[in-house]
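Quick notes on the structure that follows.
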Amino acid sequence: RTAHPRDDGHPGEAAPPTPGAVSPRSPQARRLLELARAVEGLPRHVGIHVGGMLISQGKLVESVPVEPAAMPGRTVVQWDKEDCERLGLVKIDLLGLGMLTMLRKAIAIVKESRGVAIDLAHLPPDDPQVYDRMCAADTVGVFQIESRAQMNTLPRLRPRCFYDLVVQVALIRPGPLQGQMVHPYLRRRAGEEPVTYPHPALEPVLKRTLGIPLFQEQGMKVAIVAAGFTPAQADRLRRAMGFRRATVEMEELRRELEEGMTRNGYSAEQRAQVLSCVTAFSS
């Protein structure tokens, strides 16, 4: 215990012990630390996925433990959704989009007012006027590209085909954003920056996205090519990248990546580039 200094800068009397304080060296404190480490990383509460459901051939309660939810008439599976997927249970997530209702109503209005029946399955996929509106960031109400960040990026990327939209949506994601991949990709697309690769062997993996890894699948392929990962290791990497609580496993995979690239003759700078690309997806 250190003494508290007085206002004049000289040490004063030692602070009196706090009532009810427990010594860090006591058995109680050591036991508390053990218990804290045991529950570290576990879910802190049970939540219900609004559109998540499990489907079973027989009664669900014969396959997994089920308990009543806080909301009357609702039940929730006690297992973590990641565990359900690992065990091969059929898990489905349904999204409810208000824009689908708007489309249905718009189609009904057009049919009633103009006598034209619109079939969404046969709309032309390459209408240049649609892409012109996107390039002008006129996308309010358009699913996936209506956020402020998407609207700021659309005039710079200037999508002209469906794959451009795939890239556009992939860019504004936590992985590319935190991995600082967005601006390099846009500069390369505009011809303002040369297309480079962390290692020549990775060109086939990253060529279509101008040397910038934008998709988790690319991260898996980079691990296979650069570090000699097996498909099983790459799948572990995919799961860890998409699981917020997989910090320990991600750190272990990071070491395996480093060791594999070292064996394959990658320089320290190349290893750092690859690790930065791959681990950004887990952030």
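Note that these values count all heavy atoms, side chains included, but never hydrogens, waters or copies made by symmetry.
Within 6.0 Å of atom CD in E67, more than 12 heavy atoms from other residues, nucleotides or ligands are found, so the atom counts as buried in its surroundings. Atom NZ of K81 has 12 or fewer heavy atoms from other residues, nucleotides or ligands within 6.0 Å. Crowding of M102 atom CE: a count of heavy atoms from other residues, nucleotides or ligands under 6.0 Å not exceeding 12.
A salt bridge is absent between R187 and E192: the closest approach of a Lys/Arg side-chain nitrogen to an acidic carboxylate oxygen does not fall below 4.0 angstrom. Look at R189 and D164 and you find a salt bridge, because one of the NZ, NE, NH1 or NH2 atoms lies within 4.0 Å of a carboxylate O, short of that distance.
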Take R31 and E34, measure what salt bridge (Lys or Arg N to Asp or Glu O under 4.0 Å) needs, and give me the verdict at the end.
CA-CA 5 Å; R31 182 59 178 154; E34 290 172 7; 3.1 Å; yes

Run the side-chain contact (heavy atoms from CB on, under 4.5 Å) check on L95 and D93 step by step: do they pass?
CA-CA 7 Å; L95 288 177; D93 295 340; over 6 Å; no

Checking side-chain contact (heavy atoms from CB on, under 4.5 Å) for the pair R188/T196: CA distance, chi angles, key distance, verdict?
CA-CA 9 Å; R188 292 179 184 195; T196 58; 3.0 Å; yes

Passes side-chain contact (heavy atoms from CB on, under 4.5 Å), R271 versus E258? Steps please.
CA-CA 7 Å; R271 294 198 302 270; E258 185 100 46; 2.8 Å; yes

side-chain contact (heavy atoms from CB on, under 4.5 Å) evaluation trace for Q28 with L32:
CA-CA 6 Å; Q28 297 99 316; L32 178 61; over 6 Å; no

Mind running salt bridge (Lys or Arg N to Asp or Glu O under 4.0 Å) on R254 and E259 for me, showing each step along the way?
CA-CA 9 Å; R254 184 188 178 97; E259 292 167 2; over 6 Å; no

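With values rounded to the nearest 0.5 angstrom, L257 atom CG is found 6.0 Å from L275 atom CG.
M134 approaches L165 most closely through the heavy-atom pair SD-CD2, 3.5 Å. When all heavy atoms of A240 and M250 are compared, the closest pair comes out as CB-SD, 3.9 Å.
If you chain together ILVMFWY residues whose side-chain heavy atoms come under 4.5 Å of each other, L35 ends up in a group of its own. Through direct or relayed side-chain contacts under 4.5 Å between Ile, Leu, Val, Met, Phe, Trp and Tyr, V61 connects to L54, L60, V64, V66, V77, W79, L87, L89.
Applying the ring pair (Phe, Tyr, Trp, His ring centres under 6.0 Å) test to pairs two or more places apart or on separate chains, those with a residue in residues 196-235 are H199-Y266. Residue pairs meeting the ring pair (Phe, Tyr, Trp, His ring centres under 6.0 Å) criterion with at least one partner in residues 133-165, sequence neighbours excluded, do not occur; the list is empty.
Using modelled atom types, one finds a donor on one side chain and an acceptor on the other under 3.5 Å when comparing E256 with Q233. The closest side-chain donor-acceptor pair between T209 and Q218 falls under 3.5 angstrom.
Under the rule for a side chain to side chain donor-acceptor pair (under 3.5 Å), the partners of R160 that lie at least two apart in sequence or sit in another chain are D132. Here N264 pairs with nothing under the side chain to side chain donor-acceptor pair (under 3.5 Å) rule; sequence neighbours left out.
Side-chain contact between K105 and T101 is present, with at least one heavy-atom pair separated by less than 4.5 Å.
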